[in-house]
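First comes the structure, then the notes that go with it.
The first residue of the sequence shown is numbered 1, and numbering continues consecutively from there. This one's a predicted model, so the numbers in the text were calculated from it and none came from an experiment. We use all heavy atoms of the structure for the numbers below, so side chains are in, but hydrogens, waters and symmetry mates are not.
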Amino acid sequence: MADVFRHTWWAFAQVYYDLRSLALVGNFLWFLTIVPLVPIVGIPGSFALQQAVLQADATVTGIQYFVFIVGGTVVSGALAGPGIAALFHVAHRHIEFENIELRDFWQGFRSNFVRAWMLFVIDMCLLYGLIVGFIFYTGTGQLLIQAFGFLSLYFVVLWTAAQAYLFPMFIRYDMSVYHLFRNAAIMALSAPGSSVAFFIVVLASVVLSILLIFPAVFLLASTLALVAIRMTQDRLHAFGVELEGRGL
């Protein structure tokens, strides 16, 4: 667990001392690719969550909300997915002590476009399913069934922890989407302390991003990408996988 917090401090220092490459070329361009996702998914998602919590009747059903959100994810994922892949591509080059230019982000975006889009959409749909499951089961009013809802919170933590390994392996290895998710889940389960620590770091980052927009635009995504790469390196070493280069 302590390693994750140490990686976080190290990653933040890397972004601070290399603002041009990691903050502007990496984090800021990533932010531009993720911006369309916020209103397309966030607005209907907020209304759906409010309706579910208040259990109020509405002209739009939960299924329609779900279709809107998934459809919005598919559309906006064409930018968001490859944008995340490009962010990790830039972070990986930084760890390898390579010079980072604007064209590096574009290269990571273009070369991984289809697979990153697919990976992102599936990844987000898994999260939506967990959230819907939590809302459905906890809203039944029956204690035994509600326990299944709170169990889904465990899978949300697992999903968050798996993000630390998903895109680093995507950038490094030519794996199928199924094997990427399977290996990411195994790596998250194999180090529960690191998984909880990464969840805490991500949660703190989200709260900080809500309170202060500046970190989200310039700092946090690149920081989390560097942390994820270091965590993936640690897990692969633990599994006895020999790594080439300085990072992955």
Tell me, do [X] and [Y] make a side-chain contact under 4.5 Å, heavy atoms counted?
X	Y	value
Glu101	Val25	no
Phe170	Met175	no
Asp174	Arg115	yes
His94	Val90	no
Arg235	Ser190	yes
Ile131	Leu127	yes
Leu180	Leu119	yes
Trp106	Leu29	no

Provide the closest heavy-atom pair for [X] versus [Y] in the form atom of the first, atom of the second, distance.
X	Y	value
Ala85	Ala116	CB-CB, 3.8 Å
Ala184	Ala162	CB-O, 3.6 Å
Gly81	Phe120	CA-CB, 3.6 Å
Leu32	Pro36	O-CD, 3.5 Å
Asn99	Asp104	O-OD2, 3.4 Å
Met1	Ala197	CG-CB, 3.5 Å

How long is the span from the [atom1] atom in [X] to the [atom2] atom in [Y], to the nearest 0.5 Å?
X	Y	atom1	atom2	result
Leu126	Leu158	CG	CG	10.5 Å
Leu24	Ser21	CG	OG	8.5 Å
Phe198	Tyr165	CZ	OH	8.5 Å
Arg230	Gln233	CZ	CD	5.0 Å
Ile69	Cys125	CD1	SG	10.5 Å
Leu208	Leu211	CG	CG	6.5 Å

With a 3.5 Å distance limit and no angle check, can you tell me whether [X] reaches the backbone of [Y] through a side-chain donor-acceptor pair?
X	Y	result
Asn183	His179	yes
Arg20	Ile100	yes
Asn112	Gly108	yes
Ser152	Gly133	no
Thr160	Val202	no

Step by step, would you call Asp123 with Gln163 a side chain to side chain contact (heavy atoms under 4.5 Å, CB included)? CA-CA 9 Å; Asp123 193 30; Gln163 305 308 304; 2.5 Å; yes
Can you establish whether the number of heavy atoms outside [X] located under 6.0 Å from its atom [atom1] is more than 12?
X	atom1	value
Phe12	CZ	no
Met118	CE	no
Trp9	CH2	no
Tyr16	OH	no

Kindly work out whether a path of hydrophobic side-chain contacts (I/L/V/M/F/W/Y, heavy atoms less than 4.5 Å apart) joins [X] to [Y].
X	Y	result
Val157	Met231	no
Val38	Val70	no
Phe199	Phe167	no
Phe134	Tyr154	yes
Leu203	Met124	no

Walk me through whether Phe109 and His89 qualify under side chain to side chain contact (heavy atoms under 4.5 Å, CB included). CA-CA 9 Å; Phe109 186 96; His89 177 73; over 6 Å; no
Test side chain to side chain contact (heavy atoms under 4.5 Å, CB included) on Asp234 and His7; report intermediate values, then the result. CA-CA 11 Å; Asp234 290 345; His7 292 330; 2.7 Å; yes
Would you check, one step at a time, whether the test ring pair (Phe, Tyr, Trp, His ring centres under 6.0 Å) holds for Trp117 with Phe113? CA-CA 6 Å; Trp117 185 2; Phe113 183 84; 5.5 Å; yes
Donor-acceptor pairs under 3.5 Å, side chain of residues 214-227 to any protein atom, not counting sequence neighbours: which ones?
residue: Ser222; atom: OG; partner: Leu22; partner atom: O; Å: 2.6
residue: Ser222; atom: OG; partner: Asn27; partner atom: N; Å: 3.3
residue: Thr223; atom: OG1; partner: Leu219; partner atom: O; Å: 2.8

Under the criterion side chain to side chain contact (heavy atoms under 4.5 Å, CB included), I'd like the reasoning laid out for Tyr128 against Thr73: C-alpha separation, chi angles, the key distance, then a yes or no. CA-CA 10 Å; Tyr128 299 154; Thr73 301; 2.7 Å; yes
